[in-house]
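Scroll down for the structure; my scribbles are underneath it.
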Amino acid sequence: MSTIIASNISDGTTSVPSTYVVNGSAKAWVNFNGTSTVAIRDSLNVGSITDVGTGQYRVNFTNAMPDANYSVIATVNGADTGTYEFNDSRHQALGVVLSPTYASVSSKHPAATAWYDVWQMSAAIFS
Amino acid sequence: MRIQMTTTLHLWDRLAEAKSHLTPVQSKYRVLFEDSQDEPAKVLVPDPNWLAAALAGSILPPIDTYLRDRDVADGQPKEHPYAEPIGPMTEEEAIEYLIMKDISPAVWRDYQGNRVVLKITPVELIPSDRSFRNAWKITQDAERIAA
């Protein structure tokens, strides 16, 4: 495998620094089933997830982040209906703990105090 | 622009490359563990892309590098992304590797109590009914391995 080192990327008209691509790419992402027997559907740079308890999951990275100052974007789908629920009135995805080696993501029903298992949890990490 | 040939790619690049051509492997196992008396038993779920990389070899770094990196301060260079990758593992070896990487040594190395706090179990023995998920504890019955 070879590595292309370039300062800028151009389509012939518009040019952007290659750092746009590097810094704007997700450094890890995962999509998993948080109900029944928890299982990962697909991912990048994830070694495992830890089922911590109802509605609480930990995403363990293979290649650790440099520090804990990264960003997690998480969405949930509460039921097996194919309908996505982006932080809507039924569920909220909340990142609660960030560590260089893992990110904890949890789902909570806004109307209740308890965490809530979700059929689909998706999380993307930008660093 | 120049093209640079590298011998040891960064771990992230190796993972991205592996994902593009390896078929994901869903593990037959889960790892049950208890790292706090006040919390329910946790379940470690191996990632299918990671397991495919572990079985293929030449992608993941030695587990020692992760253990040494635990002592490296945040923001400082870590050893594991640039370490020479190791060869292929069996699924059992991969699970042991994952335990050491993703579970606290207080559970798998330093624990000296009598209570069983870690079990590798076939996935079909993990309860699929999560009604009482926050009450799960590892059974201490030697004849049973289910949670």
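Just so it is clear, the values below take in all heavy atoms, side chains as well, and ignore hydrogens, waters and symmetry mates. Chain naming here is simple, since letters A, B, ... match the order of the sequence lines and numbering starts at 1 in each.
Using a 4.5 Å cut-off between heavy atoms, B/D129 makes no contact with chain A at all. Heavy-atom distances place the backbone of A/F61, and not its side chain, under 4.5 Å from chain B. Both the backbone and the side chain of A/D42 come within contact range of chain B, judged by heavy atoms closer than 4.5 Å. With a threshold of 4.5 angstrom between heavy atoms, B/L44 approaches chain A through its backbone and through its side chain. Heavy atoms of B/R70 lying under 4.5 Å from chain A are absent altogether. B/Y97 does not touch chain A: none of its heavy atoms, backbone or side chain, sits under 4.5 Å away. Using a 4.5 Å cut-off between heavy atoms, B/Q26 contacts chain A through its side chain alone, with no backbone atom that close. Neither the backbone nor the side chain of B/P24 has a heavy atom closer than 4.5 Å to any heavy atom of chain A. B/L60 touches chain A through its side chain: at least one heavy atom from C-beta onward sits under 4.5 Å away, while N, CA, C and O do not.
The residue among B/K101, B/R14, B/E124 with the most heavy atom pairs within less than 4.5 Å of chain A is B/K101. Put simply, of A/D67, A/N60, A/V30, the one with the most heavy-atom pairs under 4.5 Å next to chain B is A/N60. Looking only at heavy-atom pairs under 4.5 Å with chain A, the residue among B/P46, B/A54, B/P77, B/A41 that has the most is B/P46. Between chain A and the options B/R30, B/K78, B/Q76, the largest number of non-hydrogen pairs under 4.5 Å is found for B/R30. The choice from A/S99, A/A64, A/A68 that makes the most heavy-atom pairs within less than 4.5 Å of chain B is A/A64.
Put simply, the side chain of B/V43 does not reach to within 4.5 Å of the side chain of A/T50, judged on heavy atoms.
Atoms CG and OG, on B/L118 and B/S104 in that order, are 11.0 Å from each other to the nearest 0.5 Å. Here the straight-line distance linking atom NE2 of B/H80 with atom OG1 of A/T101 works out to 9.0 Å at 0.5 Å rounding. Separation of atoms CG (B/N49) and CZ (A/R41) is listed at 14.0 Å; rounding is to 0.5 Å. Note: A/N63 CG to B/Y66 OH = 7.0 Å, rounded to the nearest 0.5 Å.
A/Q56 and A/S104 share no donor-acceptor pair across their side chains, judged by distance under 3.5 Å alone. There is no side-chain donor-acceptor pair under 3.5 Å between A/D117 and A/T54. Defined by atom type and a distance below 3.5 Å, a donor-acceptor pair is present between the side-chain atoms of A/S48 and B/D102.
For the side chain to side chain donor-acceptor pair (under 3.5 Å) test with B/E34, the passing option among B/K119, B/K137, B/R115 is B/R115; the others fail.
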